[in-house]
2 protein chains.
Amino acid sequence: MQTRGAAAPDPTATAYTDSSGRALEDYKRPSVAVDTALLTVAAHDDHLSVLLVRRMPEPGAPAGAEAWALPGTFLHEGETLIDAVRRSLREKAGIEGVNPRQLRVFDDPGRDSRGWVLSVAHLDVVPTTRLAERDPERTRLARLADAVERLPFEHDKIIAAAAAEVRAQYARVPDPYGLLPEPFTILDLRLLHEAVAGEPLQRDTFRRQMISQLTPTGEVTTGTRGRPAELFRRVPAAIPWLPPTAT
Amino acid sequence: MQTRGAAAPDPTATAYTDSSGRALEDYKRPSVAVDTALLTVAAHDDHLSVLLVRRMPEPGAPAGAEAWALPGTFLHEGETLIDAVRRSLREKAGIEGVNPRQLRVFDDPGRDSRGWVLSVAHLDVVPTTRLAERDPERTRLARLADAVERLPFEHDKIIAAAAAEVRAQYARVPDPYGLLPEPFTILDLRLLHEAVAGEPLQRDTFRRQMISQLTPTGEVTTGTRGRPAELFRRVPAAIPWLPPTAT
DNA sequence: GAAATAGTGTCTGTAAGACACTATCGG
DNA sequence: CCGATAGTGTCTTACAGACACTATTTC
């Protein structure tokens with residue numbers, strides 16, 4: 001409960017009033033949070049994983065019970081959503097240099113026992129190498145299937161929405177988020193895409209789909225069994241989604 | 001400016017505190033607004049239109065200058081976003097029974113001169129008949145091209161995002177929002193889709209694409225010039241986007 | 001040479017673009 | 001019959017799925 005109700009208009013507020021003649025400050029405002037699903041594919045793993053951070057256990061929870069959640073924070077005064085996202089990742093996981101984008105707002109009134117909290121869900125996909133610098137005490141990588149073990153605040157829904165989005169993007173474009181270190185073989189690329197999709201892909205069709213969107217290096221692998229594989233790079237301008245910090 | 005700063009923790013607040021030991025109420029919170037792009041295609045018009053509502057003129061604006069904007073409102077205490085959207089459409093335009101869905105959050109700090117306001121943009125597409133009951137004094141239908149005449153609050157961006165979304169949906173599914181009264185001919189359907197797309201579509205290819213997704217009635221038109229046209233209905237479960245009031 | 005992996009040829013089915021043909025109405 | 005509109009046949013191109021073949025390496 002709040003101590004402030006619908007009091008008389010605040011004389012220090014700006015002069016604008018709405019159709020009821022009440023100023024902005026006369027309405028109770030929600031807390032706004034951001035939560036981020038930071039996805040990756042661990043090296044030589046064939047599943048999507050998501051970054052979780054340790055959170056304060058619920059009061060009354062059995063001692064030793066672990067509580068995990070997506071990294072998130074409350075929006076501070078004057079801060080943009082993306083800045084809040086970056087701050088939460090920096091402070092709660094020690095991660096910098098990511099560029100998440102909005103998924104959608106979760107506004108279920110009962111989603112947060114602490115009060116009236118809207119959460120703007122965000123998504124980014126980053127190479128595991130960038131997650132290596134994270135704080136190992138407070139963070140953890142969980143496969144998607146394992147992560148949906150009763151996360152708080154509808155975080156399971158956020159993860160599901162994030163995975164669906166990422167799968168749709170990987171369906172037609174080679175590694176749009178740059179998970180693979182360059183140069184890479186078509187096999188590397190296919191194993192990554194299969195990990196994202198969660199199902200095997202056609203070898204020959206996949207090659208023909210992707211090769212037109214890659215630039216050959218002319219190099220080949222050496223020291224492997226069988227015929228050496230050609231090495232490729234992504235073409236520079238292959239990330240149409242991810243506008244330059246969309247408003 | 002606000003009269004409340006980072007005061008001492010409110011003793012009536014819930015016991016939860018964040019990692020800095022501060023309760024929810026210690027942070028300034030943004031105002032949260034919803035704005036809705038309600039699109040339609042007027043009968044026998046070949047363009048998308050958007051519903052605008054009259055707004056208070058800016059102080060200092062020349063007398064007689066008209067100011068229009070998308071219908072919107074501030075989120076009230078305990079209210080969900082979709083409820084706020086429905087309330088704003090009811091109160092500001094006299095429209096009921098729509099089911100908008102989220103587009104995204106606009107959080108540009110300078111977007112609203114009244115203060116710190118986030119806006120959650122929404123979208124719906126409704127038949128013009130449903131807009132006929134609206135308040136004619138305070139509302140107006142504007143073609144998209146005409147509507148982008150300096151709307152406040154980035155409303156032009158909301159409209160652009162809404163149009164892109166709707167065009168993508170109409171590209172593969174016959175009238176997903178049910179604008180056409182049933183039954184209808186393939187010609188009716190194509191003219192509607194051309195209005196949405198803003199460009200002419202192939203007559204034969206369009207028919208073959210859509211006919212597999214329609215149920216024939218067996219009836220035909222009468223009294224028209226040329227060969228009578230078959231009449232169709234939409235198949236019942238043809239609206240996969242628009243989950244039953246998504247959270 | 002055998003095993004293994006990379007890369008390609010090719011057949012089939014589906015579907016869009018394009019064009020022209022047939023079908024059925026009002027007058 | 002003529003004009004007009006609805007509906008269909010069909011040719012071309014492109015591409016996914018499927019399968020098998022060739023190519024080039026290690027052991």
Side-chain angles (χ1 to χ4, degrees), chain A residues 43-44 46 167-176 180-235 238, chain B residues 43-44 46 167-176 180-235 238:
Chain A
H44 306 114
D46 57 349
R167 282 179 180 139
Q169 293 173 2
Y170 270 81
R172 300 224 146 250
V173 175
D175 191 17
L180 269 188
E182 297 182 326
F184 49 81
T185 66
I186 303 281
L187 176 61
D188 297 330
L189 186 67
R190 181 163 52 87
L191 291 177
L192 169 64
H193 279 240
E194 288 176 345
V196 171
E199 62 182 15
L201 303 174
Q202 293 259 138
R203 192 174 66 100
D204 42 10
T205 300
F206 179 82
R207 161 177 258 270
R208 279 187 265 246
Q209 259 198 26
M210 295 301 168
I211 206 167
S212 61
Q213 306 178 61
L214 296 171
T215 59
T217 64
E219 309 277 308
V220 294
T221 57
T222 58
T224 58
R225 295 230 308 198
R227 175 172 171 175
E230 300 169 25
L231 289 164
F232 297 86
R233 297 182 189 282
R234 285 174 287 273
V235 316
Chain B
H44 307 113
D46 57 349
R167 284 180 178 138
Q169 293 174 3
Y170 271 80
R172 301 222 146 251
V173 174
D175 191 17
L180 270 189
E182 297 181 326
F184 49 81
T185 67
I186 303 280
L187 175 61
D188 296 330
L189 186 66
R190 181 162 53 86
L191 291 177
L192 169 64
H193 279 242
E194 288 176 345
V196 171
E199 61 181 15
L201 302 174
Q202 292 262 137
R203 190 174 66 101
D204 42 10
T205 301
F206 180 81
R207 162 178 258 270
R208 278 187 264 247
Q209 258 196 30
M210 294 302 168
I211 206 167
S212 61
Q213 306 177 62
L214 296 172
T215 59
T217 64
E219 308 278 308
V220 295
T221 57
T222 59
T224 58
R225 295 226 306 199
R227 173 172 172 176
E230 301 169 26
L231 289 164
F232 297 86
R233 298 182 189 281
R234 284 175 286 273
V235 316

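Each chain gets a letter, A, B and so on, in the order its sequence line appears, and its residues count up from 1. These numbers come from the heavy atoms of this one structure, side chains and all, not from hydrogens, waters or symmetry mates.
Closest non-hydrogen pair, A:L214 versus A:P216, comes out as O-CD, 3.8 Å. Scanning both residues, A:Q213 and A:V235, for their nearest heavy atoms gives O-CG1, 3.1 Å.
Contacts between residues 188-208 of chain B and DNA chain D, defined by a heavy-atom separation below 4.0 Å, involve B:R203, B:D204, B:R207, B:R208, listed by number.
Every pair tested for salt bridge (charged side-chain N to carboxylate O under 4.0 Å, His left out) that includes a residue from residues 203-230 of chain B fails, sequence neighbours excluded, so the list is empty.
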Pull out every protein N or O sitting under 3.5 Å from an N or O of nucleotides 25-27 of chain D, one pair per line with the distance.
{"from": "D:dT25", "atom 1": "O2", "to": "A:G226", "atom 2": "N", "distance (Å)": "3.4"}

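With rounding to whole Å, B:E219 atom CD is found 17 Å from D:dA6 atom P. One interatomic measurement links the two molecules: CD of A:Q213 to P of D:dC15, which rounds to 11 Å at whole-angstrom precision.
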Can you give me every donor-acceptor pair (side chain of residues 182-201 of chain B, partner residue at least two apart or in another chain, under 3.5 Å) with its distance?
{"from": "B:E182", "atom 1": "OE2", "to": "B:R234", "atom 2": "N", "distance (Å)": "2.7"}
{"from": "B:T185", "atom 1": "OG1", "to": "B:L187", "atom 2": "N", "distance (Å)": "3.3"}
{"from": "B:T185", "atom 1": "OG1", "to": "B:D188", "atom 2": "N", "distance (Å)": "3.0"}
{"from": "B:T185", "atom 1": "OG1", "to": "B:D188", "atom 2": "OD2", "distance (Å)": "3.1"}
{"from": "B:D188", "atom 1": "OD2", "to": "B:T185", "atom 2": "N", "distance (Å)": "3.0"}
{"from": "B:R190", "atom 1": "NH1", "to": "B:E194", "atom 2": "OE2", "distance (Å)": "3.3"}
{"from": "B:H193", "atom 1": "ND1", "to": "B:Y170", "atom 2": "O", "distance (Å)": "3.0"}
{"from": "B:H193", "atom 1": "NE2", "to": "B:D175", "atom 2": "N", "distance (Å)": "3.0"}
{"from": "B:E194", "atom 1": "OE2", "to": "B:L201", "atom 2": "N", "distance (Å)": "2.9"}

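With rounding to the nearest 0.5 angstrom, the OG1 atom of B:T217 is 7.5 Å from the CZ atom of B:F232.
Protein chain A touches strand DNA chain C; the 5'-most and 3'-most nucleotides with an atom under 4.0 angstrom of its non-hydrogen atoms are C:dA4 to C:dT10.
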